[in-house]
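Note sheet for the following structure.
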Amino acid sequence: MARIPSFFSNLCLRQNPKSLRAITPQIRNRNLSLDQFNGNSEELAQQPQKPDEIFAQNRIFPLNETSRLSEELMQNPQKPDEKFAQNQISTVSEIAKEVSKFILSRPRWEQTLLSDFPTVNFADPAVYKAVLKQQESNVLLSLRFYLWLRSLSGVSFDPDLCNLMFSRLVEAKAAYAAKSFLHDTKFEPEPRYLELYVRCLCENGLIDEAVGVFERLKMIGYCASLETWNLALSHCVRTSRVDVVWRLYGEMTECGVVTDVGTIGHLIQAFCLENNVAKGYELLQQVLEAGHVPDNIVFNKLISALCKNGNFGTVSAVLHNMIAKNCPPDIYTYQEIIYRLCKGRMSNEGLRIFDELKNRGYFPDRVMYTTMIHGLCRNKDLGNARKLWFEMIQNGIIPNEYTYNAFIDGLWRSGHFDEAEKLHKEMVDRGYGETTVSYNTMINGLCLNEKVEEAQALFEEMNEKDVVRDSITYNSLIKGFCCQGKITEALHFFIELRKQGFLPSTATLTTLIKKLCEAGQVKEAETLWLDMQNNGLEPAFHSLDPIISELSKQERFAEALEWLGCMINNGVRPKKTTLERLVERLSLADRSDDALFVLGYTLKMGIVLKQSSCHSLVDKLCRNNSHHTNTLLGEILERR
DNA sequence: CTAGGGTTAG
């Protein structure tokens, strides 16, 4: 992939002379707010308990039984310590080696260690530190030994020991254990270990905690290394904590840290995350001009953001940049571009890039084929999708769940139901059939093709096969029944959906309300609408049209006008047909005043009703040409 | 070890 596809070859680079420093003040001036962050973290690998529990010694290690000798020991006539007594081995490191060996071989050494080594003075800092140093590869053992020491009386804990234990925890990336160790001991770790702690916190997703430690370091006048700052920034970017990016960047420049291209790469990504793509692009230009080349992922994130905004021209420019800087676009780059092109109804452009890649000797992988097939299906280009499907298989790539579902969905949507059924069978045979998505794809496809009963059968099958139904399952089915005019069934599944705690999609609701009204069940429609309103569903107002329409038909004008007011007050324009029906029915029912009132609003909104709708009104008005009517008409005309 | 990708409603 040395060159770029023809589609992107028409733009040149924009030059920007500004230096990197130019952005610093803007970044400093940001208002920052730290949200609660709910990151997960890996704790001590071998120890699923929370650190607090680890420190609740007695629950894990039966230290209160220390004085009791184990049965094992009773049967063991020679104690390990006798060696020291007999041979006069007494250098601290030799003792530590022996103790460590013992600890490693006895799962419950805590109980007998003191009596096994009666001549060893564990309260001697030189001794316990030497033992701890022996266990550097095993954090859990270190921690156990440390806790055991704490259970002894007469052991004084010096900062060296705490630092040693703390560094052990931090190097093992046991963020939670390190945190509660700090909390527990209240000691001041050496700055270099605090710096390691920052890294450890970041790697465990505890960004906010890390910010706090940066503060602490700042207060003691210690400046973390560039690598640590960059690591923190990279984790902020990964977890979309843009606010923290700006805050940390501000602090690191305040500390006088000299940033590198990695730092700027994170800033570019941060700009992309807050959809400030222009700034991101500008910054990229500045780094490039300064002679630095960011990591591929920075280019890709920028390209992805540009694509999302439909700015394919700049995408082209960035691709030029990448090639010029000997940093060729990779599979992710092209996949993102193709995906976005298809999403913007430019699947033909996407396909051109796809073909171009193949012409350059590149073999697309399964994900790439899936993306392309999906994109083509969404653009109703089933011919090309099918072509790629077989080409992919020919190239030895076996479709998986994603590929099958994307293609089967496309087949259903274009009415190729035989082929859809056939491929679905194949997918089931390959073991991809029993997921929520595969069932949803089939249920939706069947509903789109007027096969609601079969869809319902699959719906039941999900229960038998223990496949979880989600809101998509229900929404698809409800819509299917609505389209078949089967309102009773649709309502049944709607109630089921609500019982499961799901919310209907707006499309489902609109359809359901419309169908209920058409069947004359306005009351149910109104209840439904209020239900969705109470549940915080947004756009509801458009679905009031059929309700107003049906109420007019039933000559329930007070209610119709009330709903109409509700719609208008919320800034939603009723449909022209709704207003026409209302005016017609009002006139027929001899309610000229109300008809005129509605007409007034209609004109105010710039909606012109069809002539026939005004006929009956004009007719009535002419028959009783009162002064009142004239006034009303006058008002209406003035409002216009 | 060196991040990151694809499927279902509307």
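Reminder, nothing fancy here: chain letters follow the sequence lines and each chain counts from 1.
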Identify whether any heavy atom of A:Arg378 sits under 4.0 Å from a base atom; if not, whether one sits that close to sugar-phosphate; answer base, sugar-phosphate or nothing.
-> sugar-phosphate
Between A:Glu209 and A:Tyr197, does any side-chain donor sit less than 3.5 Å from a side-chain acceptor?
-> no
Does a side-chain N or O from A:His235 land closer than 4.0 Å to OP1 or OP2 of B:dA3, or not?
-> no
Whole-Å distance separating the CD1 atom of A:Ile398 from the P atom of B:dT7 = 21 Å
Report which part of the nucleic acid A:Ser438 touches: base, sugar-phosphate, or nothing (heavy-atom distance under 4.0 Å, all strands).
-> nothing
When you check the side-chain N and O atoms of A:Ser347 and A:Asp381, is any donor under 3.5 Å from an acceptor?
-> no
Whole-Å distance between B:dA3 P and A:Ile331 CD1?
-> 13 Å
Is the shortest side-chain N to carboxylate O distance from A:Glu453 to A:Lys486 below 4.0 Å?
-> yes
Pick base, sugar-phosphate or nothing for A:Thr441, based on heavy-atom distances below 4.0 Å to the nucleic acid.
-> sugar-phosphate
How is A:Thr403 classified with respect to the nucleic acid when contacts are heavy atoms under 4.0 Å: base, sugar-phosphate, or nothing?
-> base
Starting from P on B:dA3, measure out to CZ on A:Phe299 and report it in whole angstrom.
-> 17 Å
Round to the nearest Å and state the distance from A:Asn230 atom CG to B:dA3 atom P.
-> 16 Å
Atom-pair distance (CZ on A:Phe407; C1' on B:dG6), nearest Å = 16 Å
Can you check the A:Gln335 CD to B:dG5 P distance for me, whole Å?
-> 9 Å
With respect to the side chain of A:Tyr339, which nucleotide from B:dG5, B:dT8, B:dT7 is positioned closest?
-> B:dT7
Classify the nucleic acid contact of A:Asn444 as base, sugar-phosphate or nothing, counting any heavy atom under 4.0 Å across all strands shown.
-> sugar-phosphate
Would you tell me if any nitrogen or oxygen in the side chain of A:Arg340 comes within less than 4.0 Å of OP1 or OP2 on B:dG5?
-> no
State which of B:dG6, B:dA3, B:dG5 makes the closest approach to the side chain of A:Arg366.
-> B:dG6
Distance below 4.0 Å between A:His374 side-chain N/O and B:dT7 OP1 or OP2 | yes
When the ring planes of A:Tyr404 and A:Tyr432 are compared, do they come out parallel, tilted or perpendicular, using 30° and 60° as the limits?
-> tilted
May I have the distance from A:Glu401 (atom CD) to B:dT8 (atom C1'), rounded to whole angstrom?
-> 10 Å
A:Thr371 (side chain) and B:dG6 (base): donor-acceptor pair under 3.5 Å = no
Shortest side-chain distance from A:Arg238, nucleotide among B:dT8, B:dA3, B:dT7 | B:dA3
Residues A:Lys358 and A:Asp355 bridged, charged N to O under 4.0 Å = yes
Nearest-nucleotide pick for A:Asn400, side chain only, options being B:dG6, B:dA3, B:dT8 | B:dG6
Mind calculating the distance between CD1 (A:Ile478) and P (B:dT8) to the nearest angstrom?
-> 20 Å
Side-chain contact check for A:Val437: nearest option of B:dT8, B:dG6, B:dG5 is B:dT8
Mind checking whether A:Phe354 and A:Tyr369 have parallel, tilted or perpendicular rings, split at 30° and 60°?
-> perpendicular
By centroid distance (under 5.5 Å) and plane angle (under 30°), are A:Tyr332 and B:dG5 in a stacked arrangement?
-> no
